[in-house]
Amino acid sequence: MRLTILGGGGFRVPLVYRALLDDPAGSVSEVVLHDTDARRVGVIAEVLTRLAHGHRAPVPVRVAHGLDEALTGADFVFSAIRVGGTAGRIRDERIPLAEGVLGQETVGAGGVLYGLRTIPVAVDIAERVARLAPGAWVINFTNPAGMVTEAMSQVLGDRVIGICDSPVGLVRRAARAAGADPSAFASGRIGYDYVGLNHLGWLRSLTLDGTELLPRLLADDSALRSFEEGRLFGAEWLRTLGALPNEYLHYYYFRRETLDSVRDTPETRGEFLDQQQGGFFERAAAGGGPEAAYALWERTRLEREETYMAHSREASGGWQRDSHDLEGGGYDRVALALMHAIVGDSGTRLILNVRNGTTVPQLAPDAIVETVCEVTARGARPLPCAPLREDQLGLMLQVKAVERAAVEAALFKDRGAALRALALHPLVDSPAVAARILQRAAKEA
């Protein structure tokens, strides 16, 4: 089975390859990398060479010279591109901040700007997949994942599935805090009800062998302080919600505190990554071979994980990430589980970004939602869920309207739709601010 990775020079590609090397099923026979940056993909290929060293049957890796070559003959396509690079991310963050609203790559005005830039490229990829590899499954890592998956699904239908590691990370952390043995997750004894949009969802039920764990967890201050979401949101607010929110909902529920923590920062997340990863690729490309490139990558990866969502942690009192959460990965494990479930027709349950159908009746059937799915050879089918509370549904409806307006704006170059996407976002407080953000973004593109 051939796996093509678009954005093959991405910093996290070695995590995917490491998961493939550790896969006892050995389901992937070849990995094909494609990237528009030859230097970056060359460095990552060296890191993969080092990872493969000593393995009895390492997965062969090939760098494709063009996109069409990379897609032709693919069985699975991982789309993990960053249109505009980290320089584009910096603009997405700084332009909104200059107007006094949050700048973040997937949330708020920054997420809308990133989507407007990325969607046309993602749709072109979808059209090429449909032409060159019509039987392939596309697994979308590209952010904003829900918005990009929704645009690609207009071409590929159910053959594009978006993934994120935040929901499964939340489930695992909550189960551990509730006292469940880690093996219970792997054996399928842990059940969960999770629904929302990408980077905007709630864990509303958590069971072990059918016994509900969430009320007891929410009542236990010590247990809540033992994991990331508990510290981010605080026990009182979590008990008020009666659910565990995705970590990215911190930007919505604590918008003032988060904005205060980032407004006057000397360095945004994008600027940090631009300097950190730029330095990594520059030093790794200078020579030293696979061993040196790998050692440098591992040091850089750990620093990246330690600083993840640093502003939200600062806004919630300041604390360090748990060692459990510094291993990296997450995306890789979800993607591998998804591939196995499709190939093996297993009926595995995973939290994925898929077309809604009737899962949330108030949303359009073709709207992409993030929820629990059953995965077989026919793809991912969203499972029925309990009705959403009014506050959850209201936020979902508003953000989904933003996402769909952004897709419309990107596909049809419609400034009115772009303005609507920005102005209607819950984290943008004025149409005048939205218009200035849009005008400046167009000027600096």
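Keep in mind that what you see is a predicted model, and the values were worked out from it rather than measured. Basis for what follows: all heavy atoms, side chains included, without hydrogens, waters or symmetry-related copies.
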Inset, instruction - With rounding to the nearest 0.5 Å, note down the distance linking OG1 in T149 to CD in E403. - result: 9.5 Å
Inset, instruction - Given side-chain hydrogen bond (donor to acceptor under 3.5 Å, both in side chains), test D68 with T72 step by step and report yes or no. - result: CA-CA 6 Å; D68 288 357; T72 301; over 6 Å; no
Inset, instruction - Quick one: do R62 and E69 satisfy salt bridge (Lys or Arg N to Asp or Glu O under 4.0 Å)? Show the steps, please. - result: CA-CA 11 Å; R62 174 168 60 88; E69 178 191 334; 3.0 Å; yes
Inset, instruction - Could you tell me if the ring centre of W237 sits under 6.0 Å from that of Y253? - result: yes
Inset, instruction - Give the C-alpha distance, both sets of side-chain angles, the deciding distance and a yes or no for side-chain hydrogen bond (donor to acceptor under 3.5 Å, both in side chains) between H340 and D23. - result: CA-CA 10 Å; H340 281 166; D23 177 16; 2.9 Å; yes
Legend entry - Donor-acceptor pair, side chain of T142 and main chain of I81, under 3.5 angstrom: yes
Inset, instruction - Please work out which of the three classes, parallel, tilted or perpendicular, describes the rings of Y251 and Y248, given edges at 30° and 60°. - result: tilted
Legend entry - Salt bridge flag under 4.0 Å for residues E93 and R269: no
Legend entry - Exercise: identify the closest heavy-atom pair between A74 and T4: CB-OG1, 3.6 Å
Legend entry - Contact summary for F280 and V47, nearest pair of heavy atoms: CZ-CG2, 4.4 Å
Inset, instruction - Answer yes or no: are there more than 12 heavy-atom neighbours, outside H55 itself, under 6.0 Å from its atom NE2? - result: yes
Legend entry - Taking every non-hydrogen atom, the tightest pair across N356 and P382: O-CG, 3.8 Å
